[in-house]
There are 2 protein chains.
Amino acid sequence: MTLSERKLKILRAIITDYIETAEPVGSRTLSRKYDLGVSAATIRNEMAELEEEGYLKQLHTSSGRVPSDKAYRLYVDKLMESRILAKIQRESLRDNLMQKFHEVQNLLEHSAEYLSQLTDYTSIAMAEKTKENRIKHLQLVPVDEERILVVLIMDTGLVKNTLLRIGEKLDPRELQKITNLLNHHLQGMEIRKVSQLVIENIQREFYEYRRTIEMILLHLQEVVKEVEQIDVFFSGTTNIFNFPEFNDIVKARSFLAMLEEKELIKNLLTLPDQEGLRVSIGRENLYDIAQECSLVTTTYKIDNRTIGHLSVIGPTRMDYTKVVSIMIQLNKQLNDLLRDNY
Amino acid sequence: MTLSERKLKILRAIITDYIETAEPVGSRTLSRKYDLGVSAATIRNEMAELEEEGYLKQLHTSSGRVPSDKAYRLYVDKLMESRILAKIQRESLRDNLMQKFHEVQNLLEHSAEYLSQLTDYTSIAMAEKTKENRIKHLQLVPVDEERILVVLIMDTGLVKNTLLRIGEKLDPRELQKITNLLNHHLQGMEIRKVSQLVIENIQREFYEYRRTIEMILLHLQEVVKEVEQIDVFFSGTTNIFNFPEFNDIVKARSFLAMLEEKELIKNLLTLPDQEGLRVSIGRENLYDIAQECSLVTTTYKIDNRTIGHLSVIGPTRMDYTKVVSIMIQLNKQLNDLLRDNY
DNA sequence: ATTAGCACTCACTTTAATCGAGTGCTAATT
DNA sequence: AATTAGCACTCGATTAAAGTGAGTGCTAAT
């Protein structure tokens, strides 16, 4: 059943007002503040019906009304007009990103920083640690007599390097030899599949350096574990204090504590495999603690493989218009950058 | 003027109690809870004197008393007995660190995590970005036709790598040649001193690759800026909510906002060049916002050059005994680790 | 020098009174 | 039939007043 034009108009006004003020909105205020062409009494009647239909909630009998998650959903899907960012802002966005573009990890982090500044909400950057990371290149770099640096480059652009203390002395030429050998065997291989068997095969072929090779590869397996750890970055976490709904210590605390639960955050950001922009509102989120929040999330891919997510999190009373339009722009710019570089 | 034995005893009891309860302590409670051998009235008189001498403060005429920063200073310097950690805990500390030891950056971060867990306060890890970073080794790694990875290893153990899009195709052998050349010229050099002049010198000597070399070295200069950024890591930030003195939203917020000021944090952690453990209490800190906090900080060095700081921050009513003894242990273990590895 | 006794202080808690934005219903109006 | 004005009622929020109790300083007794 669809809502009448007038009801939509009223609902939109209520949502707009509530997003702005965080106060339950009543019929009188509404009729005074917005030019709806009907009297407060009429609005009252419509509001009563909107409540029956589940779009509004009343905190107690004599209070104004507050939009429900269902209302926000309608608003996001149908009612709001997403603003187009001014060209100047778009360009400063691009410059800002270009400047920071050195590593994929950092790119996401910098984007998150920028995003929280632009939106005044908290933003989250998460690097997806797929289990299908393939080895693109492996390089052994001499550091001093005792130690080498193992540099591991993944096809997703992820770079990981770790110091390894090696028993024997190896001159650079030998190291390069081993590097070449390892690359020959490992390039394109999924990093998880570097099993004992593979190690033994390589060792057999290059018996002279079997000990060194074993050390390196065992080390690699340790690194894998680290690589698979979730890598989450936040920006603007204290922005949450700006919102009256988090203005009591318990709420603020549980919000910040939620952010520390990396597993939970991961699940919040990776839910369904939807294209483009995803808005999840209040109780649509499966976790209790997140049910007073909304998230706007975008997913980034290289060659159709997910490499990370960027998200804005705030109260359900979020300025969806602002956030969505900013994220659409950022999304475009980032995707261009990624396409050009990978 | 030194305090009488009895006054010290009373003062210690007051501090202990206040650290435990966060409530102003009165003479009656004191005489009941601690076995001081004198009556509440006597304690009252002594407390009045301690207040005159600046060790105690009264929030209002009819409240109990609270230790001043001066009292905490005395406590830390003279009164508290630092506990020795049980051997088992020491060993788990060591295991925990060994396991995580891959990179210097991470080592500090992991230590911070561990520290906040052990102490229940907030901990800070800061990697010192000295301007005297010297280049230990530089390695160019082929990634694909268009791009190379520049791996920069500093003598402090810091490793930085960045992707560089290079115009022309270079085969691995050529890259190695350039790598060798660059190392020959740059090893041991302070990274800041890689000036235009140096670049030109190198280019002259190896004219064939002058464009590539220029790109790499200009890129390096960008990286320098990044390297010099302050690198601060926090753990257990929400622990602050555990303390009643931060139980109002304004205090909690300003504490968390303070943590976001990297410059300020940097200055808090690097103040005087004191050996070993440094405790700075309340108003001893130069920044307004930090004046309700105390910090316990240790500094880490390699070859007498500072590489980072580890700190615990909490209310001035901090359990100094606990924090100091934990940090002394951690300090030992970490220094051992660093000595063995650098 | 120490301590018991006592009047006094003052933040904090509890209870009561008041206020006002908002509602639902009814009757009048368009 | 739809809209609106009018009105009694609800209920959280604010303000005011009264009561509570841990603590203090002073005095006089030990």
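To find a chain, count down the sequence lines: A is the first, B the second, and so on, and within it residues start at 1. Heavy atoms only: backbone and side chains are in, while hydrogens, waters and symmetry mates are out.
The separation between B/Glu23 atom CD and D/dG23 atom P is 9 Å, rounded to whole Å. Whole-Å rounding puts the B/Glu46 CD to D/dC26 P distance at 16 Å. Summarising the geometry, the separation between NZ on B/Lys33 and P on D/dA22 is reported as 14 Å, rounded to the nearest angstrom. Distance CD (A/Gln58) to P (C/dT23): 6 Å, rounded to an integer number of Å. Atom CD of A/Glu49 is separated from atom C1' of C/dG24 by 13 Å (rounded to the nearest Å). Remark: P of C/dA4 and CD1 of B/Ile43 are 11 Å apart, rounded to the nearest angstrom. Atoms CE (B/Met47) and P (C/dT2) sit 17 Å apart, rounded to a whole Å. For A/Leu30 and D/dT4, the CG to P distance is 14 Å, given to the nearest whole Å.
Taking 4.0 angstrom as the limit, A/Ser63 places none of its side-chain polar atoms (N or O) nearer than this to OP1 or OP2 of C/dG22. For the OP1/OP2 pair of D/dG6 and a distance below 4.0 Å, the side-chain nitrogens and oxygens of A/Arg28 include no atom meeting the criterion. The side chain of B/Ser62 contributes no N or O atom lying less than 4.0 Å from OP1 or OP2 of C/dC10. Distances shown here put a side-chain N or O of B/Arg65 below 4.0 Å from the OP1 or OP2 atom of D/dG25. Note on A/Thr29: a side-chain N or O is less than 4.0 Å away from OP1 or OP2 of C/dG22. Residue A/Thr42 places no side-chain N or O under 4.0 Å from the OP1 or OP2 atom of D/dA2. Look at A/Thr61 and you won't find any side-chain N or O under 4.0 angstrom from OP1 or OP2 of D/dT10.
Residue-level contact check: B/Arg32 touches neither bases nor backbone, having no heavy atom under 4.0 Å from any strand.
Place B/Gly64 and B/Ala41 on DNA chain D by their nearest nucleotides, and B/Gly64 ends up nearer the 5' end. Two residues, A/Pro24 and B/His60, neighbour DNA chain C, and the one matched to the more 5' nucleotide by heavy-atom proximity is B/His60.
Taking only distance into account, the side chain of A/Arg44 meets the base of D/dG6 through a donor-acceptor pair shorter than 3.5 Å.
Picking from C/dG24, D/dT4, C/dT3 the nucleotide with the shortest atom distance to the side chain of B/Asn45 gives C/dT3.
Applying the salt bridge (charged side-chain N to carboxylate O under 4.0 Å, His left out) test to pairs two or more places apart or on separate chains, those with a residue in residues 22-46 of chain A are A/Arg6-A/Glu46, A/Asp17-A/Lys33.
Using modelled atom types, one finds no donor on one side chain facing an acceptor on the other under 3.5 Å when comparing A/Arg253 with B/Asn247.
Annotation: cation-pi geometry satisfied between B/Lys70 and B/Tyr55 (NZ/CZ under 6.0 angstrom from ring centroid, within 45° of ring axis).
Of the possible donor and acceptor atoms, none in the side chain of A/Asn285 sits under 3.5 Å from a partner among the backbone N and O of A/Tyr287.
With a cut-off of 3.5 Å on both pairing distances, the Watson-Crick or G-U wobble partner of D/dT27 is C/dA4.
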Could you please spell out the steps behind the salt bridge (charged side-chain N to carboxylate O under 4.0 Å, His left out) verdict for A/Arg73 and A/Glu284? CA-CA 10 Å; A/Arg73 174 49 63 200; A/Glu284 293 172 11; 2.7 Å; yes
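Under the 30°/60° scheme for interplanar angles, the aromatic rings of B/Phe243 and B/Tyr121 are found to lie parallel.
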